[in-house]
Undergrad: 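Take a look at this one; I'll ask things after.
Not measured: the values here are computed from a predicted model.
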Amino acid sequence: MARLFGTDGVRGEANTKLPPELAYRMGRAATIYFGSHSDGAPQILIGRDTRISGEMLEAALVAGICSAGGRAILAGIIPTPAVAYLAKKLHAAAGIVISASHNPFHDNGIKFFGGNGYKLPDKVEDEIEQIVRDLEAGKDFERPTGEEVGRLEYRQNLLEDYISFVMSTTSERFDGMKIVLDCANGAAFTSMPKVLERLGANLILLGDKPNGVNINDNCGSTHMGNLRLEVLRHGADIGIAHDGDADRCLCIDERGDVIDGDHIMIICAKLMMKVGALPDKTIVTTVMSNIGFRQALEELGLSCKVTAVGDRYVLENMLANNHRLGGEQSGHIIFQDYSTTGDGLITALQVLTAMKKFNAKSSELNALMTTYPQVLINVRVQDKEICQNSAAVKLAIAEGEAELGTNGRILVRASGTEPLIRVMAEGSDKNQLNRICNKIAAEIEKCNA
């Protein structure tokens, strides 16, 4: 039986792969688990993004929590990192986020944070999953009655607590700075405009009118074309893009060039060195980081540790070795001095702070790193394991690696959140990379036949 939890919670098409019945069992299972590890009724915080299915799944989770005697606190539409922060601040047993992040609106997801603000360890997820399976099998668990039945509480004011916290992570103001902000019609559509406006920025807003079905729709950090156009049209100092649940941030400099997560980490590393906040001189990143990232680190006198793809693996390494900064090319950046998870709002503020501290344009900071050409092809598959183990696929990869030699690299991996195999090649010749990636992708597609 496939594991319920992927690399970032449970995710799939809402009402089919992720039906309310499953959400109910997950809420009930989490309450049973955390109730057995605490005194009294566990308090569980729930936040969600703007997807139309969010209310349905929220109601199901609440029913599950209350049926097991827990107390559900509803924060409403709120960024994922806010749930992590608030779960810790409120001394909750756990936090639950209802979001499928950068996925299209018809998908949704459920992911957990512990009361310490960190994502749950695999062991805890496995124990909760076992309770879910037991519930599916009809196993009896105690059902509270009378005064022991759980309650729910609406706490819309919690968003303001998070906004104040985010603002506290910078000592700078951004008066006179013209910023185009794309909220992806997602969870940041209320919070991030308030943060930047209160810090004095002149804002041009995109993706700030969610309707339940337009989250990530040609907007946000996965579709930055409109943001680029608006930055150039308005002569803005920078463009900022979040994804649907606002744990990511990517930027566009004033010349229209993308500032991806690799570049952001270089910028923030330079900032942290300036203020003495990077004593270990080490950045944690993933196998997806560009070759140019390592070269830029060397020029700054820094080193890096490399993990598997996924911000949870970056964080594990950071915690194990007390590193202060880590992240992914996709824009998940973790500042251990501020947050227990990737926070797109904090990331954006650190980039803006660097612009002020160095009195530099966004393009000048972007130029701290040179990006080597990189080609990425996503191949939708029926069975990721079969495709990865295909002899023909392995041969195509080996041939591509031999052709690139020491002048590039190939990375083929299964997505942890979608039915995709991701084929990436990196080197100096983009035409060569396209040809190699397309050949590997063609072999992967044959596995679907």
Undergrad: Can you tell whether the side chains of Arg155 and Glu153 come within less than 4.0 Å, N to carboxylate O?
TA: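 Looking at Arg155 and Glu153, the cut-off is met.
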
Undergrad: Between Tyr85 and Phe165, how do the two ring planes meet: parallel, tilted or perpendicular, split at 30° and 60°?
TA: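 Rings of Tyr85 and Phe165: parallel, as their planes differ by under 30°.
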
Undergrad: Side chains of Val195 and Leu349: does their closest heavy-atom pair fall under 4.5 Å?
TA: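 Of all side-chain heavy-atom pairs linking Leu349 with Val195, at least one is under 4.5 Å.
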
Undergrad: Does NZ belonging to Lys356 count more than 12 external heavy atoms closer than 6.0 Å?
TA: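 Yes - once you tally the heavy atoms of other residues, nucleotides and ligands closer than 6.0 Å, there are more than 12.
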
Undergrad: Does Ile110 reach the side chain of Val97, with side-chain heavy atoms less than 4.5 Å apart?
TA: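 With C-beta onward as the side chain, the pair stays apart.
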
Undergrad: Can you tell me how far the CD atom of Glu172 sits from the NZ atom of Lys357, to the nearest 0.5 Å?
TA: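 Nearest 0.5 Å value for the CD-NZ distance: 4.5 Å.
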
Undergrad: Can a donor-acceptor pair be found between the side chains of Gln329 and Asn290 at a distance below 3.5 Å?
TA: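 No, no side-chain donor-acceptor contact under 3.5 Å.
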
Undergrad: Can Thr285 and Met265 be said to form a side-chain contact (heavy atoms from CB on, under 4.5 Å), step by step?
TA: CA-CA 9 Å; Thr285 186; Met265 283 188 283; 3.8 Å; yes

Undergrad: Any salt bridge linking Asp280 with Arg324? Criterion: basic side-chain nitrogen under 4.0 Å from a carboxylate oxygen.
TA: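 Salt bridge absent between Asp280 and Arg324.
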
Undergrad: Does Lys111 use its side chain to pair, donor to acceptor, with the backbone of Ile96 at less than 3.5 Å?
TA: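 The answer is no, because no donor-acceptor pair under 3.5 Å joins these two groups.
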
Undergrad: Could you verify whether a donor N or O on one side chain and an acceptor N or O on the other, from Thr286 and Thr307, lie under 3.5 Å apart?
TA: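 The criterion, which ignores hydrogens and geometry beyond distance, is not satisfied for Thr307 and Thr286.
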
Undergrad: Below 4.0 angstrom, N of the basic side chain to O of the carboxylate: do Arg28 and Glu21 qualify?
TA: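 So Arg28 does not pair with Glu21 through a salt bridge.
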
Undergrad: Side-chain contact test, heavy atoms from C-beta onward, threshold under 4.5 Å: evaluate it for His263 versus Asp260 and give yes or no.
TA: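 Counting from C-beta outward, His263 and Asp260 do come under 4.5 Å.
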
Undergrad: If we ignore hydrogens and angles and just use 3.5 Å, is the side chain of Gln336 paired with the main-chain N or O of Asn322 as donor and acceptor?
TA: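 Absent.
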
Undergrad: Search all heavy atoms of Gly12 against all heavy atoms of Leu18 and return the closest pair with its distance.
TA: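 Result for this residue pair: O-CB, 4.2 Å.
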
Undergrad: Just wondering, more than 12 heavy atoms not from Glu55 lying within 6.0 Å of its CD?
TA: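 Open: at most 12 neighbouring heavy atoms sit under 6.0 Å from CD of Glu55.
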
Undergrad: For Thr347 and Gln350, does a side-chain donor sit closer than 3.5 Å to a side-chain acceptor?
TA: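 Their side chains do not contain a donor-acceptor pair, so the 3.5 Å distance test is not met.
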
Undergrad: Heavy atoms, side chains only, cut-off 4.5 Å: are Arg71 and Ile65 in contact?
TA: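 Arg71 vs Ile65: side chains apart.
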
Undergrad: Closest approach of Ala414 and Gln388, non-hydrogen atoms and distance?
TA: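 Distance-wise, the nearest heavy atoms are N-NE2, 3.3 Å.
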
Undergrad: Which pairs, with at least one residue in residues 91-105 and sequence neighbours excluded, count as a side-chain hydrogen bond (donor to acceptor under 3.5 Å, both in side chains)?
TA: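 For residues 91-105, and leaving out neighbouring residues, the side-chain hydrogen bond (donor to acceptor under 3.5 Å, both in side chains) pairs sorted by first residue read Arg11-Asn103, Asp49-Ser99, Ser101-Asp243, Ser101-Asp245, His102-Arg248, Asn103-Asp107.
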
Undergrad: Got a donor-acceptor contact below 3.5 angstrom from the Lys384 side chain to the Glu418 backbone?
TA: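 Side chain of Lys384 to backbone of Glu418, a donor-acceptor pair under 3.5 Å: yes, one is there.
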
Undergrad: What's the verdict on side-chain hydrogen bond (donor to acceptor under 3.5 Å, both in side chains) for Asp262 and Ser289, showing C-alpha distance, side-chain angles and the deciding distance?
TA: CA-CA 6 Å; Asp262 285 347; Ser289 279; 2.8 Å; yes

Undergrad: Judged by modelled atom types alone, do Ser221 and His242 share a side-chain donor-acceptor pair under 3.5 Å?
TA: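 Side chains of Ser221 and His242: no pair found under 3.5 Å.
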
Undergrad: Can you find a side-chain donor-acceptor pair between Asn321 and Asn317 that sits under 3.5 Å?
TA: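 Asn317 and Asn321 do have a side-chain donor-acceptor pair below 3.5 Å.
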
Undergrad: Check the surroundings of atom OH in Tyr154: do more than 12 heavy atoms from other residues, nucleotides or ligands lie under 6.0 Å from it?
TA: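 Result for OH/Tyr154: open.
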
Undergrad: Would the distance check show the side chain of His323 and the main-chain N or O of Leu319 forming a donor-acceptor pair, the cut-off being under 3.5 Å?
TA: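 Checked: no pair found.
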
Undergrad: Supply the atom-to-atom distance Ile421 CD1 to Cys447 SG, rounded to the nearest 0.5 angstrom.
TA: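 Output value for this atom pair is 8.5 Å.
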
Undergrad: Would you say the side-chain atoms of Asn214 pair up with the backbone N or O of Lys209, donor to acceptor, closer than 3.5 Å?
TA: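 Yes, because the side chain of Asn214 sits within donor-acceptor range (under 3.5 Å) of the backbone of Lys209.
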
Undergrad: Evaluate the side-chain contact (heavy atoms from CB on, under 4.5 Å) criterion for residues Cys219 and Asn226: first the C-alpha distance (whole Å), next the side-chain angles of each, then the deciding distance (0.1 Å), finally the verdict.
TA: CA-CA 7 Å; Cys219 59; Asn226 288 335; 5.8 Å; no

Undergrad: Check this for me: does any side-chain nitrogen of one of Asp253 and Arg228 sit under 4.0 Å from a carboxylate oxygen of the other?
TA: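 No, Asp253 and Arg228 are not salt-bridged.
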
Undergrad: So, do Leu90 and Gln43 sit near enough that their side-chain heavy atoms are less than 4.5 Å apart?
TA: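 The answer is yes, as the side chains (C-beta and beyond) meet within the 4.5 Å cut-off.
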
Undergrad: Does a salt bridge link Glu147 with Arg151, judged by any charged N lying under 4.0 Å from a carboxylate O?
TA: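 Salt bridge between Glu147 and Arg151, a charged N being under 4.0 Å from a carboxylate O: no.
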
Undergrad: Check this for me: Leu420, atom CG, are more than 12 non-hydrogen atoms of other residues, nucleotides or ligands nearer than 6.0 Å?
TA: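 Enclosed: over 12 neighbouring heavy atoms sit under 6.0 Å from CG of Leu420.
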
Undergrad: Given 3.5 Å as the limit, does a donor-acceptor pair link the side chain of Asn366 with the main chain of Ser362, or not?
TA: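 Not a single qualifying donor-acceptor pair exists.
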
Undergrad: To the nearest 0.5 Å, tell me how far Leu352 CG sits from Leu199 CG.
TA: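 Answer rounded to 0.5 Å: 9.0 Å.
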
Undergrad: Would you mind reporting whether Val132 and Leu22 have side-chain heavy atoms less than 4.5 Å apart?
TA: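 They are in contact (side-chain heavy atoms under 4.5 Å apart), so the answer is yes.
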
Undergrad: Could you go through the salt bridge (Lys or Arg N to Asp or Glu O under 4.0 Å) check for Arg294 and Glu426 one step at a time?
TA: CA-CA 13 Å; Arg294 293 176 178 81; Glu426 200 172 75; 5.8 Å; no

Undergrad: Measuring from atom CZ of Phe335 to atom CG of Asp343, what distance do you get when rounded to the nearest 0.5 angstrom?
TA: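 Taking CZ in Phe335 and CG in Asp343, the distance rounds to 9.0 Å.
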
Undergrad: So do the side chains of Ile440 and Ile444 get within less than 4.5 Å of each other, counting heavy atoms only?
TA: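 With C-beta onward as the side chain, the pair touches.
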
Undergrad: Can you name the closest pair of heavy atoms from Ala93 and Pro42 and give their distance?
TA: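 In terms of heavy atoms, the two residues are closest at CB-CB, 3.9 Å.
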
Undergrad: Are side-chain heavy atoms of Thr341 and Asp247 found at a separation under 4.5 Å?
TA: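 Counting from C-beta outward, Thr341 and Asp247 never come under 4.5 Å.
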
Undergrad: Between SG of Cys387 and CZ of Arg380, what distance do you get to the nearest 0.5 Å?
TA: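 One finds 12.5 Å between SG of Cys387 and CZ of Arg380.
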
Undergrad: Run through Leu196, Ile77, Leu159 and flag the one making a side chain to side chain contact (heavy atoms under 4.5 Å, CB included) with Ser191.
TA: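 When side chain to side chain contact (heavy atoms under 4.5 Å, CB included) is applied between Ser191 and each of Leu196, Ile77, Leu159, only Leu159 qualifies.
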
Undergrad: Can you tell me which residue among Asp237, Leu203, Val231 is in a side chain to side chain contact (heavy atoms under 4.5 Å, CB included) with Lys178?
TA: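 Between Lys178 and the candidates, side chain to side chain contact (heavy atoms under 4.5 Å, CB included) is satisfied uniquely by Asp237.
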
Undergrad: Side chains of Asp134 and Gln130: is there a donor and an acceptor less than 3.5 Å apart?
TA: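 There is such a pair (donor and acceptor under 3.5 Å, judged by atom type) between the side chains of Asp134 and Gln130.
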
Undergrad: Apply side-chain hydrogen bond (donor to acceptor under 3.5 Å, both in side chains) to the pair Thr170 and Thr353, showing each step before the final yes or no.
TA: CA-CA 7 Å; Thr170 182; Thr353 299; 2.7 Å; yes

Undergrad: Show the numbers, then the answer: is there a side-chain contact (heavy atoms from CB on, under 4.5 Å) between Met369 and Phe293?
TA: CA-CA 6 Å; Met369 171 185 156; Phe293 177 77; 4.0 Å; yes

Undergrad: Work out which heavy atom in Met224 is nearest to a heavy atom in Gly220; give both atom names and the distance.
TA: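 It is CG-O, 3.5 Å.
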
Undergrad: Using every non-hydrogen atom in the two residues, find where Arg51 and Pro104 come nearest and quote the distance to one decimal.
TA: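 So the minimum-distance heavy-atom pair works out to NH1-O, 2.8 Å.
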
Undergrad: Are any side-chain N or O atoms of Arg143 and backbone N or O atoms of Val149, one a donor and one an acceptor, separated by less than 3.5 Å?
TA: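 No; zero donor-acceptor contacts below 3.5 Å.
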
Undergrad: What is the minimum heavy-atom distance between Phe5 and Glu129, and which atoms define it?
TA: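 Shortest heavy-atom separation between Phe5 and Glu129 comes out as N-OE1, 3.6 Å.
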
Undergrad: Ion pair present between Lys194 and Glu197, side-chain N to carboxylate O less than 4.0 angstrom?
TA: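 Salt bridge between Lys194 and Glu197, a charged N being under 4.0 Å from a carboxylate O: no.
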
Undergrad: Using side-chain contact (heavy atoms from CB on, under 4.5 Å), reason through Cys249 and Ile240 one step at a time and then give a plain yes or no.
TA: CA-CA 7 Å; Cys249 169; Ile240 296 169; 4.0 Å; yes

Undergrad: With rounding to the nearest 0.5 Å, note down the distance linking OG1 in Thr16 to NE2 in His106.
TA: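 Here the interatomic distance stands at 9.5 Å.
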
